[in-house]
Number of protein chains: 2
Amino acid sequence: MVAVGDFCGEESIRRAWDEFCDFLRKTRARLTQSRRIIFCRAMARPDHFRADDLANELAFGQDRVSRATVYHTLALMVKAGFIHTLRDQNKHVHYERAYGQTRHEHMICDQCGRFIEFDMPEASRLITERCEELGFQKRTYRLAVFGVCRQCAK
Amino acid sequence: MVAVGDFCGEESIRRAWDEFCDFLRKTRARLTQSRRIIFCRAMARPDHFRADDLANELAFGQDRVSRATVYHTLALMVKAGFIHTLRDQNKHVHYERAYGQTRHEHMICDQCGRFIEFDMPEASRLITERCEELGFQKRTYRLAVFGVCRQCAK
DNA sequence: ATTACTGCAAAGCATTTGCAAATGC
DNA sequence: GCATTTGCAAATGCTTTGCAGTAAT
């Protein structure tokens with residue numbers, strides 16, 4: 001059983017966790033300590049993180065959770081829509097918080113690997129049009145620009 | 001030494017191979033039999049193929065080339081701009097011919113994995129604008145739409 | 001009590017690498 | 001002849017899986 005007071009600090013994360021609990025109940029999955037720990041740590045990350053990093057971070061200490069469970073739970077969180085996956089130029093999967101965020105695209109620096117977010121609202125409309133023309137049922141799309149960021153260009 | 005007559009059928013491939021030879025000479029790399037075989041087979045593929053598949057195809061027979069060499073050569077071809085990489089929903093890398101092709105984007109079917117090409121010329125301009133605003137030096141970009149294709153939707 | 005979840009360690013698996021032999025220049 | 005490339009097999013490295021034990025409902 002997950003203690004009621006056991007959420008993870010920030011208020012928005014608490015709300016997110018409550019919604020994730022709804023998702024879990026709806027899918028007859030269980031509310032576990034491990035899931036709460038992983039969920040909160042993942043949601044608290046401000047940047048684009050990798051499953052592996054999070055797993056390493058959670059491999060020791062009192063809140064320790066196994067590598068396998070981290071991977072499982074992140075996949076659940078993607079399914080529930082709380083995080084998104086991205087891929088960097090080295091084909092590694094990165095996650096980013098989706099809950100409470102607006103749609104944005106990414107520029108990825110070839111040199112430092114940094115992710116720079118930018119908006120391109122027009123893309124969505126254009127893509128929707130093309131999908132309708134071609135009878136393709138869009139689920140989502142990814143737009144990534146590769147190159148060199150301002151800092152690295154200096 | 002690579003025999004002069006030893007190109008690979010199609011005329012456009014022959015021209016491409018000649019250009020690849022220029023590239024190789026320019027970078028002081030060698031014109032080898034293995035490279036010719038891999039280059040021609042890769043260029044002849046009409047669809048989106050995987051290194052692994054090509055390596056398997058070339059693992060037997062008189063034109064056999066090792067797996068490692070296939071991977072190496074495809075990387076060279078990407079560097080030289082004759083093929084592009086794409087990633088499918090299962091994080092596998094696919095290659096597609098770039099030589100003689102115009103820019104296009106992809107819809108990738110969640111169910112059958114098919115790649116559907118479509119044009120979205122406006123994207124390029126919009127992206128260039130954003131990159132200028134943000135001081136990002138664009139090298140290339142990838143736009144992929146995920147969902148269900150017309151056939152699978154039936 | 002039942003069923004799902006967790007942790008562990010092993011398996012996967014496409015890709016990369018180290019090194020000796022072969023080949024192009 | 002010298003440097004690059006090739007082939008082989010082993011290593012890599014992230015991710016997934018099988019299974020036995022543990023926890024949630």
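Distances shown here put a side-chain N or O of Y71(A) below 4.0 Å from the OP1 or OP2 atom of dT15(D). For dT4(D), neither phosphate oxygen OP1 nor OP2 lies less than 4.0 angstrom from any side-chain nitrogen or oxygen of T32(B).
Ring pair F39(B)/F82(B): centre-to-centre distance below 6.0 Å. Taking the six-membered ring for Trp and the full ring otherwise, F118(A) and F136(B) have centroids separated by 6.0 Å or more. Taking the six-membered ring wherever Trp is involved, the centroid distance between the rings of H94(B) and H92(B) does not fall below 6.0 Å.
Sequence order on DNA chain D of the closest nucleotides to R35(B) and V93(A) puts R35(B) first from the 5' end.
Per the geometry, CG belonging to D88(B) stands 12 Å off P belonging to dA14(C), to the nearest Å. Straight-line distance from the CG atom of L74(B) to the P atom of dT15(C): 10 Å, rounded to whole Å. Here the P atom of nucleotide dT23(C) and the CZ atom of R36(B) are 15 Å apart, to the nearest Å. Between the NE2 atom of H94(B) and the C1' atom of dT15(C) there is a distance of 14 Å, given to the nearest Å. The separation between L31(A) atom CG and dT3(C) atom C1' is 15 Å, rounded to whole Å. Atom-to-atom, CZ of R25(A) to C1' of dA4(C) comes out at 16 Å; the value is rounded to the nearest Å. A straight line from NZ of K26(B) to P of dT4(D) spans 19 Å, rounded to a whole angstrom. Computed from coordinates, the D53(B) CG to dC13(C) P distance equals 14 Å when rounded to whole Å.
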Next on the checklist: What verdict does the side-chain hydrogen bond (donor to acceptor under 3.5 Å, both in side chains) test give for Q101(A) and H84(A), after you've listed the backbone C-alpha separation in whole Å, the side-chain angles of each residue and the deciding distance to 0.1 Å?
Outcome noted: CA-CA 11 Å; Q101(A) 307 290 124; H84(A) 286 147; over 6 Å; no
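When each of R64(A), R50(A), R41(A), R67(A) is paired with E57(A), the salt bridge (Lys or Arg N to Asp or Glu O under 4.0 Å) condition holds for R41(A) and for no other.
Base pairing of dA20(C): its partner is dT6(D), meeting the Watson-Crick or G-U wobble criterion (both donor-acceptor distances under 3.5 Å).
Residues satisfying the ring-ring contact (aromatic ring centres under 6.0 Å, His included) criterion with F49(A), sequence neighbours excluded, are Y95(A).
Donor-acceptor pairing under 3.5 Å is recorded for the side chains of S12(B) and R97(B).
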Checklist entry - Which letters describe nucleotides 7-13 of chain D, given B = protein heavy atom under 4.0 Å from base, S = only from sugar-phosphate, - = neither? => result BB-----
